[in-house]
Amino acid sequence: MSDPLIDLRSDTVTRPTAGMRAAMNAAELGDDVFREDPTVNRLEERVAELLGKEAALFVPSGTMSNQIAIKAHTLPGDELLCEANNHIYLYEAGGPAVLSGVTCRTIDGDHGILDVTQFDGKVRPINDHSVRTKLVCLENTHNRGGGRIYPLEKVQAISEWARRSGLLMHLDGARLWNAIVATGIGAATWAAEFDTVSVCFSKGLGAPVGSALVGPRDFIARARRIRKLFGGGMRQAGGLAAAALFALDHHIDRLAEDHRNAQVIAEAIADTPGLRLDPPEVDTNLIWFTVEPYRGTANEVAEALRQRGVLVHSAGPQTLRACTHLDVSSAQAERAADAIRRLAAVPTMSAR
Ligand SMILES: *Cc1c(COP(=O)(O)O)cnc(C)c1O
């Protein structure tokens, strides 16, 4: 039998482990739209407590979580400030415009990271012409920024500026768990800088489905109504909540393994002529890299790796992403690194 493919395309490709499936199977269920699913209620309490907020709402996806937050924080004609490669702006199908009538003012960051000085002058004047600046959205870790961790001091400075300016703060923390494990800074410390936080269970934590939005009690009450409006009210959702609870118990600390495995793969990329890590340092489990045109295109590199049993995501003409996750062992990370190093022996475009 040939070795199974090593799937580094995304940290969403994980399948529930045997332990997680058992927990899902054993979950007590009820109708969560009636707020009668005990497992969902337990998850919401647990996540709110973990992040130091009053309440939480279980939702089907990270996209829905962010978009509910935006709608609950704003009115049509408002504006949010975000980094230019933010998930909310780039990868959520124009959600702020479509669902909330909100415009996004983007600011170019350094691999997703903004400095507070870049917010100077970004609050619109209050008059009959301007959109109303309302909300700041940050992302930690930053996906398109290369899995970068937002330095806490930078978050604190931006948060202080936002409060002084009368703006609200929302965090897209799809991979906040990775930042927590990599820095040792706790969930509540990060969350304290924000009014609301979205976290995902279906990325590195390995649950099949699910995210949570946390914030003040009255905000979560409004968010619950918007979840219904968006079609995200789920009935016997306790099986999914059980997967998330299992992930919180068993799959947070082990993210350190994913980070170590990412370093092994990143070294191979750094050592291979024609490939370049971008950013040059890998903070967590996401490895973004580019291919020099003389070596070919991103699609060609992805295909050459596929032939060696490794799947990566071709994210642009010359840009690729590899992710480590629960279903990539350290032995598989070593094999993927070998496959990358062997690319150096593949004839380049100019030689073909
Ligand atoms: C994956 C992701 C989301 C949400 O994705 P869903 O597929 O909708 O769950 C949000 N933000 C970031 C940074 C992500 O990587």
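All values derive from a computational prediction rather than experimental measurement.
- By the 4.0 Å N-to-carboxylate-O rule, D11 lies close enough to R175 to be salt-bridged with it.
- Residues L43 and F201 have side chains in contact (heavy-atom distance under 4.5 Å, counting atoms from C-beta outward).
- In the hydrophobic clustering of this structure, L8 does not group with V264; members are Ile, Leu, Val, Met, Phe, Trp, Tyr whose side-chain heavy atoms approach within less than 4.5 Å, directly or through other members.
- For the side-chain contact (heavy atoms from CB on, under 4.5 Å) criterion with I158, the lone passing option out of E153, M169, E193 is M169.
- Side-chain contact of N127 with S130: a donor-acceptor pair under 3.5 Å is present, judged by distance alone.
- No donor-acceptor contact under 3.5 angstrom links the side chains of D172 and N86, judged on distance only.
- Taking A243 as the reference, M20, M24, A207, P208 meet the side chain to side chain contact (heavy atoms under 4.5 Å, CB included) condition, with sequence neighbours excluded.
- When all heavy atoms of L320 and A298 are compared, the closest pair comes out as CD2-O, 3.4 Å.
- F289 CZ to T272 OG1: the interatomic distance, rounded to the nearest 0.5 Å, is 9.0 Å.
- Side-chain N/O atoms of T297 and N299 include no donor and acceptor closer than 3.5 Å.
- Residue pairs meeting the salt bridge (charged side-chain N to carboxylate O under 4.0 Å, His left out) criterion with at least one partner in residues 226-253, sequence neighbours excluded, are D31-R235, D32-R227, R46-D249.
- Side-chain contact check for L80 versus T74: every heavy-atom pair is 4.5 Å or farther apart.
- By the 4.5 Å heavy-atom criterion applied to side chains, R295 and Q318 are not counted as neighbours.
- Nearest heavy-atom pair across V123 and S165 is CG2-CB, 4.0 Å.
- Formation of a donor-acceptor pair under 3.5 Å by the W190 side chain with backbone atoms of L171 is not found in this model.
- For H259, there are no ring-ring contact (aromatic ring centres under 6.0 Å, His included) partners two or more places apart in sequence or in a different chain.
- Residues F246 and H251 place their aromatic rings such that the two centres sit under 6.0 Å apart.
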Subject >> Check against side-chain contact (heavy atoms from CB on, under 4.5 Å), T133 and L167 >> reply: CA-CA 7 Å; T133 313; L167 307 185; 4.0 Å; yes
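- L29 belongs to no hydrophobic cluster, as no Ile, Leu, Val, Met, Phe, Trp or Tyr side chain comes under 4.5 Å of its own.
- Applying the side-chain hydrogen bond (donor to acceptor under 3.5 Å, both in side chains) test to every pair with at least one member in residues 202-223, sequence neighbours left out, gives no pairs at all.
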**OP:** Under the side-chain contact (heavy atoms from CB on, under 4.5 Å) rule, what do L245 and R42 come out as? Steps first, then yes or no, please.
**Re:** CA-CA 8 Å; L245 282 163; R42 202 147 53 81; 3.9 Å; yes
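- Looking at R132 and I126, their side chains never come closer than 4.5 Å, going by heavy atoms from C-beta outward.
- Here T189 pairs with nothing under the side chain to side chain donor-acceptor pair (under 3.5 Å) rule; sequence neighbours left out.
- By the 4.0 Å N-to-carboxylate-O rule, R15 lies too far from D327 to be salt-bridged with it.
- Of the residues H142, Q118, R144, the one that meets the side chain to side chain donor-acceptor pair (under 3.5 Å) test with E83 is H142.
- Side-chain contact between P60 and M234 is present, with at least one heavy-atom pair separated by less than 4.5 Å.
- Qualifying salt bridge (charged side-chain N to carboxylate O under 4.0 Å, His left out) partners for E79, counting only residues two or more places apart in sequence or in other chains: R124.
- At a cut-off of 3.5 Å, with distance as the only test, no side-chain donor of S198 or H170 sits close to an acceptor on the other residue.
- Looking at residues two or more places apart in sequence or on another chain, you find a salt bridge (charged side-chain N to carboxylate O under 4.0 Å, His left out) between D258 and R254.
- Rounded to the nearest 0.5 angstrom, I6 CD1 and E334 CD are separated by 10.5 Å.
- Residues C137 and I88 are in side-chain contact: their nearest non-hydrogen atoms beyond the backbone lie under 4.5 Å apart.
- With sequence neighbours excluded, the residues satisfying salt bridge (charged side-chain N to carboxylate O under 4.0 Å, His left out) with E160 are R164.
- Looking at heavy atoms from C-beta onward, L305 lies out of side-chain contact with L311 at the 4.5 angstrom threshold.
- Under the 3.5 Å distance criterion, with hydrogens and angles disregarded, a donor-acceptor pair is assigned to the side chains of S159 and R163.
- For R224, the salt bridge (charged side-chain N to carboxylate O under 4.0 Å, His left out) test picks out E44, with sequence neighbours left out.
- In this structure, F119 and I107 have side chains that are in contact, with non-hydrogen atoms separated by less than 4.5 Å.
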Could you pull out every donor-acceptor pair under 3.5 Å between side chains of residues 274-283 and any protein atom, sequence neighbours left out?
| unit_1 | atom_1 | unit_2 | atom_2 | d |
| --- | --- | --- | --- | --- |
| D278 | OD1 | H111 | NE2 | 2.8 |
| E281 | OE1 | R148 | NH2 | 3.2 |
| D283 | OD2 | I149 | N | 3.0 |

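- What you find for T196 and P216 is that their closest heavy atoms are CG2-CD, 4.4 Å.
- Nearest heavy-atom pair, N261 versus A333, reported as atom, atom and distance to 0.1 Å: CB-CB, 3.7 Å.
- Put simply, the side chain of S329 gets close to the backbone of Q332: a donor and an acceptor are under 3.5 Å apart.
- Heavy-atom minimum distance, D37 versus A237: OD2-N, 3.5 Å.
- Other cluster members for M64: L57, V59, I68, V98, L99, L213, F219, I220, I226, L229, F230, joined by side-chain heavy-atom distances under 4.5 Å among Ile, Leu, Val, Met, Phe, Trp and Tyr.
- Side chain of T183 to backbone of I185: a donor-acceptor contact under 3.5 angstrom is found.
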